[in-house]
Every structure is written in C-alpha cells, then in structure tokens.
Amino acid sequence: MRKDNAKSPIDRVEGGKYEQINRAIVSIWPHPPINHYFCSMSLVKTIQANVLKALTSIYSGSFTEKDFQINQTKPEFEGDYTIVLFSLVKSLKLSPETIGAQLGEQLIQQNPALFTAYNIIKGFLNLSIADAYWQGLLENQHNDRCYGKQAMNGKKVMVEYSSPNTNKPLHLGHLRNNFLGWSVAEILKANGYEVLKSCIVNDRGIHICKSMIAWQRFANGATPESTGMKGDHFVGDYYVKFNDAFKAEVKDLVEKGMSEAEAEKNAPILLATQQMLHDWEAGEPAVMALWKKMNGWVYEGFDVTYRTIGSDFDQTYYESDTYLLGKDIVQKGLQEKVFFKKEDGSVWIDLTADGLDEKLVLRKDGTSVYITQDIGLAQQKYDQYQIDKSIYVIGDEQNYHMKVLKLIAQKLGLPYADDIYHLSYGMVELPSGKMKSREGTVVDADDLVAEMIETAKNHTEALGKVKDFSPAELEALYQTIGLGAMKFYLLRVDPKKKMIFNPEESIDFHGFTGPFVQYTYARIKSILRKDAPGKSTAPKSPLLKLEKEVLYVLEQFPSIIEAAAIELNPSVIANYLFLLAKTFNSFYTEHSIGNAETAEKKHLRLQLSVMTANVIQSGMQLLGLSVPERM
RNA sequence: GGUCCCGUAGUUCAAUGGAUAGAAUAGAAGUUUCCUAAACUUUAGAUCCAAGUUCGAUUCUUGGCGGGACUACCA
C-alpha cells in the first residue's frame with residue numbers, strides 16, 4: 001500500500017525527495033586494498049601464518065586461513081589470542097583437545113620467541129604472546145608517525161559527498177554526509193589511495209525557482225547584506241515563503257470550488273515558477289541574473305559552514321553544467337539495443353529481468369532525467385581523472401536509484417561500471433521520526449554547530465583549567481571540542497544504520513565521545529611536556545597487566561585502519577579510539593608515569609604515552625577531528 | 001501490491017556463526033595530600049515472536065508481528 005498517495009506535490013517537495021539530494025550498498029568492495037604495512041605484519045596475521053605452518057607440519061595436508069578463526073582471548077581466560085578449533089574437528093577427525101594440545105606444542109616449539117604458553121578450554125586454544133613481542137613493538141614504533149598507514153598503491157578514488165541544494169541551508173543530515181565523506185577520504189588516503197573529493201551542487205530546477213519567485217514577490221529588494229543574514233539562510237527563508245504563499249493560494253482556490261488536486265496544479269505562484277524554469281532553460285537574461293545572484297548568496301553561506309566544519313572539495317560539479325549530459329550515451333545505447341524507444345518517443349530500459357522496473361532514461365521531448373545526468377557525470381569523472389573507483393556518499397533512500405545507475409552502466413558495458421560504489425548511509429531521525437521542514441523540525445547545521453561550541457565553552461569555563469589561554473586560543477579550543485563532540489557523535493555509528501538524534505538532550509561530552517578521547521590526549525601531552533622517553537638499555541622487567549593491555553590495543557591500529565577502508569566505515573575507527581583511550585585511562589590512574597617504580601618502567605611508560613598520543617592523533621585525524629594540547 | 005532495510009539494557013549504540021551478548025548514558029555506591037576527576041572503580045539492567053540449519057545462532061533460512069525507505073516524463 002502506498003503511504004504517500006494522499007500527499008500533495010508540495011508535501012512531497014517538503015518532506016521527501018527535494019529534502020535530500022543524497023542519493024544509493026549494493027556492491028562489495030572487491031578486494032582488500034592492501035597487502036603489507038610499512039613496518040611489520042600484524043600480530044593476527046603472524047599468528048595465522050604460524051598456525052598454518054604448524055598444521056601443515058603436524059597433519060600434512062593443505063590448510064587455509066578459513067579452516068580456523070583467531071579471536072581475542074576473553075579476559076576471564078589466560079592468554080592473548082585464541083584459536084577456535086571446532087572447524088578443524090571434522091576434517092581431522094580428532095577431538096578439539098587433541099588438536100589443541102598438538103597445535104599448542106608445535107607453535108611453541110616452532111616460534112618460542114613469540115608464543116610462551118597455551119591452554120585449552122573446550123574447543124578453544126588460548127595462546128600467550130611473549131612480553132618481548134610487545135616491548136619490541138613499543139621500542140620500534142612508539143614514535144613512528146606513519147604507524148598504521150600504508151604506502152601509496154597507485155590507485156585513484158573519487159569520493160563524492162555533501163551535494164547540497166542551493167535553495168536552503170545545510171541541516172543535520174548533511175552533516176552526517178559531510179563527516180562521512182571527509183572521513184572515508186582520509187581513511188582511503190591512509191590505505192594508500194590517491195583520493196579526489198568531489199561535490200555535485202544541485203543548483204537548478206523547480207525548487208531553486210521557488211526561492212527565486214518568492215524573493216521577487218516578497219523581498220522588496222532585501223539582501224543578505226541588508227538584513228545581516230547568512231546567505232543560505234536568507235534564501236532558505238524565501239523557499240519557505242513560497243510554500244506559505246502556495247498553500248494560501250490553494251486554500252483560496254478550493255474555497256472557490258476547485259478540487260484540491262486541481263488547485264495544487266493551478267496555483268498562480270506555481271505556474272509562475274514553472275514559467276520561470278522555462279525561462280531559465282531558455283537562458284532569459286533577467287532570470288539568469290537573478291539565479292546567479294541568489295545562488296551566489298547561498299554559496300557565500302555554504303563557504304562559511306564548510307570552513308567551520310572543515311569540508312573541502314578538489315572538484316565541484318554544478319548540475320546546471322551537467323543536466324544535459326548523458327544523452328549521447330543514451331543514443332549509443334539505443335543503437336546497441338540496451339534501451340528501447342516507446343511510441344511517444346521516450347526512451348526506456350527494461351530492468352525487469354533484474355528484479356527492477358522499466359526506467360525512463362530520456363523524456364519524450366528528448367531531455368534527460370536524473371539518472372541520465374548521473375550516467376553522464378559518471379562518464380565525465382572517469383574521462384577527467386581516470387579514477388579506479390567512484391564512491392558516492394548518498395543516503396539510503398536512493399539505494400534504488402544507485403542500483404539502477406550501476407546496472408545501466410554495466411549493461412552499457414562502460415569500463416567504470418563495476419567501480420561505482422554507493423556508500424549508503426541511514427537518515428538521521430528525530431525521536432518523533434523524520435525531520436520535516438514543514439513542521440519546523442529540521443535541525444539546522446549552523447545552529448547545531450554554534451550550540452556545540454557554546455556547550456564546549458560552558459564546560460571549559462566551569463572546569464577553569466585553561467584560564468591562561470588567550471581569547472584566540474580559547475576560541476580555537478571551544479571549536480576543537482565542540483566540533484569534535486559533534487563529529488564523533490555522528491561517526492561512531494555504523495553508516496548503514498539510521499540513527500536517532502534527540503535535540504532535547506545535548507550531545508554528551510562524557511563517555512563514548514570525542515571530548516573523552518581528546519581529554520586523554522591532552523592529559524598525555526601534559527606529561528610529555530615534562531618528560532620524554534630517552535634511551536634505556538636496562539633489562540626489561542615483565543609487563544604489568546595494564547601496560548600490556550594498552551600495547552595490545554595499540555598493536556591493532558594498522559588492522560583497524562585497513563578494516564575501516566574495506567568496510568568504508570569510520571565507526572570502526574571511532575570505536576577503536578574510545579577503547580584505546582579507556583584502556584589508557586585505566587592504566588594511567590593505576591600506575592604513575594613520571595614517578596614510576598624504576599627508570600626502566602618510566603622509560604617504557606613514557607614510550608607507551610607517546611605511542612598512545614600518536615595513535616589518538618592519527619586516528620582522530622581519520623575522523624576529521626583535531627586534538628588539543630590542553631583542555 | 002512489489003523490492004529493499006531495520007527490531008539488542010529505561011535511552012543511544014557494539015558484537016568476521018564462537019566461550020558467561022559488550023559499551024556509553026541515566027540509576028545505586030565509592031575514589032583527589034601524588035603526572036589534568038571532561039577521569040577511575042564497583043553495582044543493577046537487554047537479543048520482537050515461532051520454527052529450522054549447526055557441536056554452537058543476536059548473526060544464516062522460512063513464517064509471523066512491528067517500524068522505515070523506495071517503487072515520478074522531479075532532482
């Protein structure tokens with residue numbers, strides 16, 4: 001049953017499609033992006049290789065990494081990593097205990113420098129890793145700024161994100177999009193890709209004309225300058241004014257006896273808007289001038305927002321340039337019988353065999369539709385930059401559209417078809433449901449940013465730790481913390497899932513948050529201003545439990561960066577950083593760093609602090625967050 | 001109608017088919033002569049329902065129930 005068949009066209013405009021220019025996860029990242037790290041193989045991979053070698057030498061036969069799993073050992077058991085043996089039981093026809101004992105013995109014999117002990121509980125072989133391994137990692141990598149990052153791999157990726165409409169300001173949904181796009185770009189760079197960030201601006205169309213008409217009629221020449229308003233908000237207000245006027249006209253016509261459906265089609269202001277769109281397409285000078293003027297205002301507003309939140313693009317596309325693209329591709333496809341023409345002259349593709357519908361690609365008047373433009377733009381991106389992968393950060397409501405786009409490209413045999421990837425993310429919803437401008441429930445991006453910075457200010461002042469900061473330093477700090485809280489909040493959730501934002505409850509600064517991680521960093525830096533790890537040749541004493549726990553987490557950073565790239569999922573990084581900060585904080589409260597028991601311990605703990613700070617800093621950078629030296 | 005997505009503590013989020021389902025927050029109780037208490041410690045609290053596959057299911061399959069998105073000669 002259709003849910004929205006009662007809605008008027010204007011409802012759909014407000015609550016639906018135009019609201020989100022975000023467009024469609026259908027395909028899978030075809031292969032893990034990289035094979036080796038700058039420095040050394042990850043511990044899990046090392047264990048994997050050792051287990052494979054041991055299995056082969058004990059049981060003779062061929063094994064693959066799929067024959068067993070390696071998990072972190074649960075804290076209630078002795079050991080660091082665990083081999084799950086169940087899947088070997090069938091093929092080897094031995095009990096898990098036997099396999100475990102034989103494998104454990106062999107591993108220790110084979111690599112006594114790495115494995116020190118094992119125990120078997122049920123089908124789980126728990127392995128203990130030598131202290132020397134962790135100590136070596138720390139000694140070698142603690143101040144390696146490239147830790148976890150990979151060498152350039154020669155592949156080029158374009159990440160398209162943000163993609164605003166020029167008839168209204170950015171809202172919370174755009175923020176999720178922007179932060180995701182930015183972070184994914186950073187994550188891919190860390191994995192060795194050359195990344196191009198792009199943005200398609202939806203700067204034309206009936207919705208833009210609505211703001212223009214409303215301004216013409218109601219503004220009396222007012223400008224952002226004359227009203228002191230930010231340009232995008234200024235224009236957005238006229239978009240709202242259009243809708244108010246439209247509704248009033250419809251109501252009026254209905255009272256005069258017209259049916260509601262008729263009235264919605266014939267409201268004078270709507271007809272005027274449609275005329276304006278025609279004039280725009282015809283290049284009518286006055287309309288073009290107005291269009292340029294108003295879009296200019298919006299861009300000035302967007303620039304301010306983008307600068308504040310830290311978004312930028314290597315390439316901006318404008319729909320006014322691209323909306324005619326793709327027609328030649330359709331003509332070619334028509335010849336190749338990928339498309340077919342209906343009697344009225346419109347051109348379609350039949351996707352019913354793929355479980356989809358027939359889709360229009362060219363109107364009967366020969367003009368292109370959204371999907372046609374997107375094919376054209378995809379082609380242009382490929383021609384222009386020879387990209388190996390094209391990622392579209394677009395909301396999940398456009399899953400269908402993006403599926404169609406990819407499918408059409410594949411059927412046309414376009415070389416980049418398989419490299420189109422829709423990074424589909426869920427909407428940000430309010431506790432009451434979707435944000436609706438008609439109900440005034442849209443959370444404005446600028447307002448939210450300002451509120452977060454204000455909250456950061458209040459918290460900071462209440463704590464009074466940075467009273468010696470200059471006003472400029474304070475402002476920078478508030479921004480770092482406020483934006484940090486907001487970015488972390490939006491990125492810590494799996495992008496695929498929709499998330500709920502409650503405007504009544506302000507975004508937290510405690511717990512699983514950006515400021516928590518930032519605070520951990522600032523506290524470490526405070527120690528490192530007084531002390532730095534020098535050289536130590538003292539024999540190493542055994543690692544304490546909490547020291548090892550921090551190292552255990554630090555060791556995983558390279559694998560985490562890789563996993564985040566394979567999944568295109570910044571929340572992997574956010575979860576990791578929180579775990580790291582929490583683990584370090586536990587260590588920090590329990591053990592003194594500056595006044596450690598021995599010089600050797602002090603040295604080790606300072607190195608541990610340096611490495612933790614470095615990893616926090618690079619990890620936060622992958623999320624688009626900066627870290628303060630003090631807070 | 002069709003296609004797709006989602007149902008986990010009061011709330012917001014985790015969990016490549018693995019051990020006793022993790023966190024955060026809200027609740028209860030503690031920790032400051034010592035490196036930043038935006039921290040730390042303890043405590044209580046959850047897999048929508050029903051079958052199936054499996055040594056093992058939050059995860060996979062099927063069927064319910066509940067929520068959402070899409071299904072325009074709009075972009």
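Naming: A, B, ... by sequence-line order, numbering from 1 per chain. What you are looking at is a predicted structure, and each value in this text was computed from that prediction instead of being measured.
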Open item on the list: If a pair means Watson-Crick or G-U wobble with both distances below 3.5 Å, what does RNA chain B look like in dot-bracket form, with | marking bases paired to a different strand?
Closed with: (((((((..((((....[...)))).(((((.......)))))....(((((..]....))))))))))))....
Selection from [options] that lies nearest to any side-chain heavy atom of [X]:
{"X": "A:Tyr400", "options": "B:C34, B:A75, B:U71", "result": "B:U71"}
{"X": "A:Arg523", "options": "B:A75, B:A37, B:A69", "result": "B:A37"}
{"X": "A:Lys434", "options": "B:A75, B:U36, B:A69", "result": "B:A69"}

Once you apply a heavy-atom cut-off of 4.0 Å, does [X] come out as touching a base, just sugar-phosphate, or nothing?
{"X": "A:Ile481", "value": "base"}
{"X": "A:Ser526", "value": "base"}
{"X": "A:Glu629", "value": "base"}
{"X": "A:Gly594", "value": "base"}
{"X": "A:Thr460", "value": "base"}

Using distance alone, with no hydrogens and no angle criterion, decide if [X] and [Y] have a side-chain donor and acceptor under 3.5 Å apart.
{"X": "A:His401", "Y": "A:Asp374", "result": "yes"}
{"X": "A:Ser320", "Y": "A:Asp203", "result": "yes"}
{"X": "A:Thr82", "Y": "A:Asn126", "result": "yes"}
{"X": "A:Ser87", "Y": "A:Asp67", "result": "no"}

Could you tell me if the ring centre of [X] sits under 6.0 Å from that of [Y]?
{"X": "A:Trp280", "Y": "A:Tyr323", "answer": "yes"}
{"X": "A:Phe124", "Y": "A:Phe86", "answer": "yes"}
{"X": "A:Phe516", "Y": "A:Phe578", "answer": "yes"}
{"X": "A:Phe179", "Y": "A:Phe488", "answer": "no"}

TODO: Return the 5'-most residue of the pair A:Ile593, A:Glu319 with respect to RNA chain B, ranking by each residue's nearest nucleotide.
DONE: A:Ile593
- [ ] Assign each of A:Lys90 and A:Ala456 to its nearest nucleotide of RNA chain B by heavy atoms, then name whichever residue's nucleotide is nearer the 5' end.
- [x] A:Ala456
TODO: Ignoring hydrogens and angles, tell me if any N or O in the side chain of A:Ser95 forms a donor-acceptor pair with the backbone of A:Thr98 under 3.5 Å.
DONE: yes
Short N/O separations, protein against nucleotides 58-60 of chain B, under 3.5 angstrom:
none

Open item on the list: Over 60° means perpendicular and under 30° means parallel, so tell me whether A:Phe509 and A:His459 are parallel, tilted or perpendicular.
Closed with: parallel
- [ ] Give me the ring orientation class for A:Phe242 and A:Phe246: parallel if the planes are under 30° apart, tilted from 30 to 60°, perpendicular past 60°.
- [x] parallel
- [ ] Using heavy atoms and a sub-4.0 Å distance, could you list which residues of residues 339-351 of chain A are near RNA chain B? By number, please.
- [x] A:Asp344, A:Ser346, A:Trp348
Under 3.5 Å, which N/O atoms of the protein pair with N/O atoms of nucleotides 12-23 of chain B?
residue: B:C13; atom: OP1; partner: A:Ile500; partner atom: N; Å: 2.7
residue: B:A14; atom: OP1; partner: A:Asp494; partner atom: N; Å: 2.8
residue: B:A14; atom: OP2; partner: A:Lys497; partner atom: NZ; Å: 3.4
residue: B:U16; atom: O4; partner: A:Gln69; partner atom: OE1; Å: 2.6
residue: B:U16; atom: O4; partner: A:Asn71; partner atom: OD1; Å: 3.1
residue: B:A19; atom: OP2; partner: A:Lys74; partner atom: NZ; Å: 3.2
residue: B:A19; atom: N6; partner: A:Thr82; partner atom: OG1; Å: 2.8
residue: B:A19; atom: N6; partner: A:Asn126; partner atom: OD1; Å: 3.2
residue: B:A19; atom: N1; partner: A:Asn126; partner atom: OD1; Å: 3.4

TODO: Test the A:Lys359-A:Trp348 pair against the cation-pi criterion, namely NZ or CZ under 6.0 angstrom from the six-membered ring centroid and within 45° of the ring axis.
DONE: no
Open item on the list: Going by the rule side-chain contact (heavy atoms from CB on, under 4.5 Å), which residues pair with A:Glu590 if we only count those two or more places apart in sequence or in a different chain?
Closed with: A:Leu546
Task: Residues which pass side-chain hydrogen bond (donor to acceptor under 3.5 Å, both in side chains) with A:Glu281, listed by chain and number, not counting sequence neighbours - done: A:Arg204
